[in-house]
Amino acid sequence: MSSKEDIKKLLKRSGYSSTAIEYFLEKVNVGKIEDPDAYFVYTGPCGDTMEIFLTIVPGSKEIKDAKFQAIGCAGAFAAGSAITEMIKGKTVEQAEKIEEEDVIDWLGAIPNQKIHCVCLAKKTLKFALNEYKAG
Ligand code: FES
């Protein structure tokens, strides 16, 4: 069984930034929100699944809280943590404008083969926001 330090070294060598590694290991924003105002579960083409839960302030449409769960790789967890961190305090309209490149910039670096994991997070968020808007 590898220690946390071994995992960190391995991920670093694969091309993950320190932020991405920290998000993955610390499980930032991993969890559930009971009775969320917006929710979606989505399985991407790679077969991995993400769920996003949002608490949204009525009226201002500010995203007060965001959590996610995933059955997926380190890239999915890093992207899920990043996107949920990025949208807290933003409005639904602002969150909708977040693109894959913004998530990658926020993380600093992610292996090229893991860019589709960022798409999984972005699509799950987009679908959750669409559901919210559809009421
Ligand atoms: Fe599927 Fe990363 S390999 S989300």
Side-chain angles (χ1 to χ4, degrees):
M1 191 62 179
S2 310
S3 72
K4 238 182 190 183
E5 284 312 308
D6 291 334
I7 298 170
K8 272 189 193 170
K9 274 188 211 151
L10 241 147
L11 291 171
K12 193 145 211 129
R13 215 176 304 141
S14 316
Y16 288 92
S17 67
S18 312
T19 307
I21 296 169
E22 187 197 316
Y23 280 167
F24 168 60
L25 292 176
E26 301 304 324
K27 302 195 181 326
V28 173
N29 299 332
V30 173
K32 244 177 149 164
I33 296 173
E34 295 300 333
D35 294 325
D37 299 305
Y39 167 82
F40 208 84
V41 56
Y42 172 68
T43 301
C46 67
D48 289 344
T49 299
M50 189 174 287
E51 281 180 294
I52 287 190
F53 307 81
L54 306 174
T55 304
I56 300 171
V57 181
S60 69
K61 291 194 193 163
E62 182 196 326
I63 298 170
K64 241 185 116 185
D65 198 11
K67 297 236 180 291
F68 78 101
Q69 298 192 133
I71 304 168
C73 68
F77 278 92
S81 293
I83 214 160
T84 47
E85 280 290 277
M86 289 169 80
I87 61 175
K88 278 192 221 171
K90 288 202 161 48
T91 63
V92 167
E93 286 74 20
Q94 290 167 335
E96 278 181 313
K97 293 196 182 109
I98 292 173
E99 297 295 340
E100 279 89 351
E101 300 79 57
D102 303 321
V103 180
I104 296 164
D105 283 352
W106 178 283
L107 284 169
I110 193 161
N112 280 342
Q113 318 88 276
K114 292 289 159 185
I115 288 172
H116 74 272
C117 316
V118 175
C119 296
L120 176 72
K122 200 216 128 171
K123 281 198 174 139
T124 312
L125 173 65
K126 195 177 136 219
F127 291 138
L129 294 173
N130 285 349
E131 288 278 293
Y132 172 77
K133 291 201 304 185

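Both ligands and their constituent atoms are indexed starting at 1 by order of listing. Here, residue 1 is the first one in the sequence, and each next residue gets the next number.
The distance from atom CG of L120 to atom OG1 of T49, rounded to the nearest 0.5 Å, is 7.5 Å.
Minimum-distance N/O/S atom of D48 relative to atom 1 (Fe) of ligand 1: OD2.
With atom 2 (Fe) of ligand 1 as vertex, C117 SG and C73 SG subtend 100°, rounded to 10°.
Atom 2 (Fe) of ligand 1 has no N, O or S atom of H116 closer than 2.8 Å. Among the backbone and side-chain atoms of C46, an N, O or S atom lies under 2.8 Å from atom 1 (Fe) of ligand 1.
Side-chain N/O atoms of K8 and S3 include no donor and acceptor closer than 3.5 Å. Using modelled atom types and a 3.5 Å distance limit, the side chains of Y39 and E51 yield a donor-acceptor pair.
Close contacts of ligand 1 with A76, meaning ligand atoms under 4.0 Å from a residue heavy atom, involve 4 (S). In summary, the atoms of ligand 1 found under 4.0 Å from a heavy atom of L120, numbered by their order in the structure, are 4 (S).
Atom NZ of K122 has more than 12 heavy atoms from other residues, nucleotides or ligands within 6.0 Å.
F68 has its side chain out of reach of T124: every pair of non-hydrogen atoms, C-beta onward, lies at least 4.5 Å apart.
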